[in-house]
Amino acid sequence: METPEQIKSRLEAAEPGARIEILPNDCPAGERSLLVDPAHALVLAKFLRDDPQLRLDYCSNVTGVDWPEAELNEKIKVKQVVDGVEKEIEEVKKTVRPGFLEVVYHLYSMELKHGPVVLRQRAANRAAGAPAVSLTSVWRGCEFQEREVFDLFGIRMEGHPDLRRILMWDGFKGFPMRKDYVAPDDFEYEPTPHDEVLEEAQKHYLPEVKA
Amino acid sequence: MNAELGVRGHVLALESADMSAHSKNYEILPKASETGEPIGELLKVSMGPQHPSTHGVFRMDVMLDGEKVVKLKPVFGYLHRNHEKIAENISYLGSMPYTDRLDYFCSMTNNWAYALSVEKLAGLAVPERAEYIRVIMAELTRLQNHTCLIGFFVQDMGALGTPLMYAFREREKILDLFESVSGARMMCNYLRFGGVRCDVTTEWLAQAKQLVDGYGKFLDEFEALFTENEILLARTQGVGVLSRELAVNASITGPMLRAAGVNYDIRKVDKYGIYSRFDFKVPLGEHGDTYDRYMIRILEMRESLKILHQALRDIPSGPVMDPKAKLRGFRPKAGEAYGRIESPKGELGFYLISDGSANPYRYRVRPPSFINLTILEDMCLGQRIADTVVILGSVDIVLGEVDR
């Protein structure tokens, strides 16, 4: 199968103006992914599906990833003059990476039996209902999985035919798979009349006898 | 009420309308022809979540025109416990017992899919003997899953009790094998990253061989009951047809995909583990109907028996764990991996992102039966209400995995 670089150059040739980035992966298997911009995601997805050399007709896995705002520490070497002698000193440079949400697609080809090509798109921020583009019109198999991404991560999949919660119930508030989600102590808590009844009852108690 | 409006309703709809005062489980919606004239009525029925044919807590919102299904929306999530979030808060190994509870019929293959993904993430090797043990366990799991599925499937068609008990009798023999090696019948928690938890004995292998030798005869008996049974043929042939194109586009995997005639078996495509060493065929369907989905499972079990015969014959001796694999303090390097296997229900995948710490940063299960439900409506449209139950049975869902 083609390398991510080859796929990238062909995608850019087919769709001028599309911004595509190859993301590194340090694990031994090392499947690098293609990050596409939301404006061109749908066109690029159609190209990947219909291109005779790739034929990625099977979208296996769709999921979201939450990346909250993080402080990245980078070690850089700085030259400094100490006591008249130039020395190299290691310094830690701190940068703040703004938070974002990501949708990841794992694509395979059932016809040519190769894969995976990992496709990613990013929602710009972590607001509730941050938009990304739904690819359900290209691969029907995304339908339920994109609903799940909407349900658990709060990414609004633009163009999805039936965007509703799927695993959580309809009235649920919040997005449980986000990193900053705090689960309530008791989901099934319902106020009971006990407190009121107790209060009423206490009015009838005799005042405490103090020794 | 209907007589006054001059509505011609179907028998089922009218009967239900009379009961409307007592129950709120359905509502009647008016249906108009193109000219705006009422030509009958649609009945909205909520099947489930406590319906015996839904294989757990699963609900179908069905819109009926008489007995014909005109709309169907699956509703689930009743068993949702956010498995993925739990896994992100505990160590890699800590999730292994939780994967047993996904598809509780096939804990061995769930373990394998998870172990495979972590091994891919951390670059661990698996010793020869452990690979053979994994294949034996996975194929035994496939046998018991398909056997039980057919038992449930014919029960949904009205063959109450007996066939299911035959299936469970055979399943129990396989579960006995699992119990003697892992200590648990269903929640095996047997695989580890870089091998399996403990070795199997020669007596165990002899018992497994005895079971595998006898299983073909059981399948013959089982098939004699169903394969040419007139009722089964009438209820399944031409029912719930799934086209090849839709099956591929909707990410359907496993026996359902192959029943639609697509040659895609991950054991053959990815050749994970040591599957390239075994001689077996991938059975394919022709029509994509419910009967094909039944038949594919019977044929797959026969192929599994072939693999088991070869694996039990060739299993070498040696260690069952990679000595480099660490059970405690396991921290894979930052990166991500997606590993997948052919579980009895389809492609079971695990997508893991590591940030270098002891817990996975992102842990995602790609559940086959959840995604196979995508086209339930497409298969049921235009069919009778009684057939939806049979079609759902042939999809093979386990709610522990659908809802996660």
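Treat the numbers as computed from the prediction; the structure is a model and nothing was measured. Letters A, B, ... mirror the listed sequences (proteins, then strands); counts begin at 1.
Listed options B/Gly77, B/Ser251, B/Gly123, B/Ser354 were ranked by heavy-atom pairs under 4.5 angstrom with chain A; first place goes to B/Ser251. Among A/Asp151, A/Asn61, A/Val62, A/Asp26, the residue with the largest count of heavy-atom pairs under 4.5 Å with chain B is A/Asn61. With respect to chain A, the highest number of heavy-atom pairs below 4.5 Å among B/Lys73, B/Glu84, B/Lys268 belongs to B/Glu84. Contact count against chain A (heavy-atom pairs under 4.5 Å) is highest for B/Thr374 among B/Leu257, B/Thr253, B/Thr374, B/Leu121. For the options A/His106, A/Arg49, A/Lys113, heavy-atom pairs under 4.5 Å to chain B are most numerous at A/His106. In terms of heavy-atom pairs under 4.5 angstrom with chain B, the leader among A/Glu143, A/Lys179, A/Glu31 is A/Lys179.
Using modelled atom types and a 3.5 Å distance limit, the side chains of B/Asp355 and B/Ser357 yield a donor-acceptor pair.
Looking at B/Trp112, B/Phe330, B/Phe350 one by one, the single match for ring pair (Phe, Tyr, Trp, His ring centres under 6.0 Å) with B/Phe193 turns out to be B/Phe330. Considering A/Leu23, A/Val118, A/Val117, A/Leu44 as possible partners of A/Leu34, the one that fulfils the side-chain contact (heavy atoms from CB on, under 4.5 Å) test is A/Val117.
Only the side chain of A/Glu148 comes within contact range of chain B, with heavy atoms under 4.5 Å apart. For chain A, no part of B/Val75 is nearby; none of its heavy atoms comes within less than 4.5 Å. In this structure, chain B has a heavy atom under 4.5 Å from the side chain of A/Val104, while its backbone stays farther away. In this structure, no portion of A/Arg32 lies under 4.5 Å from any heavy atom of chain B. Within the 4.5 angstrom heavy-atom criterion, no atom of B/Asn89 approaches chain A.
Stacking of B/Arg340 on the aromatic ring of A/Tyr108 is recorded, both the 6.0 Å distance cut-off and the 45° axial limit being met.
From A/Tyr181, atom OH reaches atom NZ of B/Lys85 across 8.5 Å, with rounding to the nearest 0.5 Å.
Ring geometry, A/Phe144 versus B/Phe370: the interplanar angle falls from 30° to 60°, so the pair is classed tilted.
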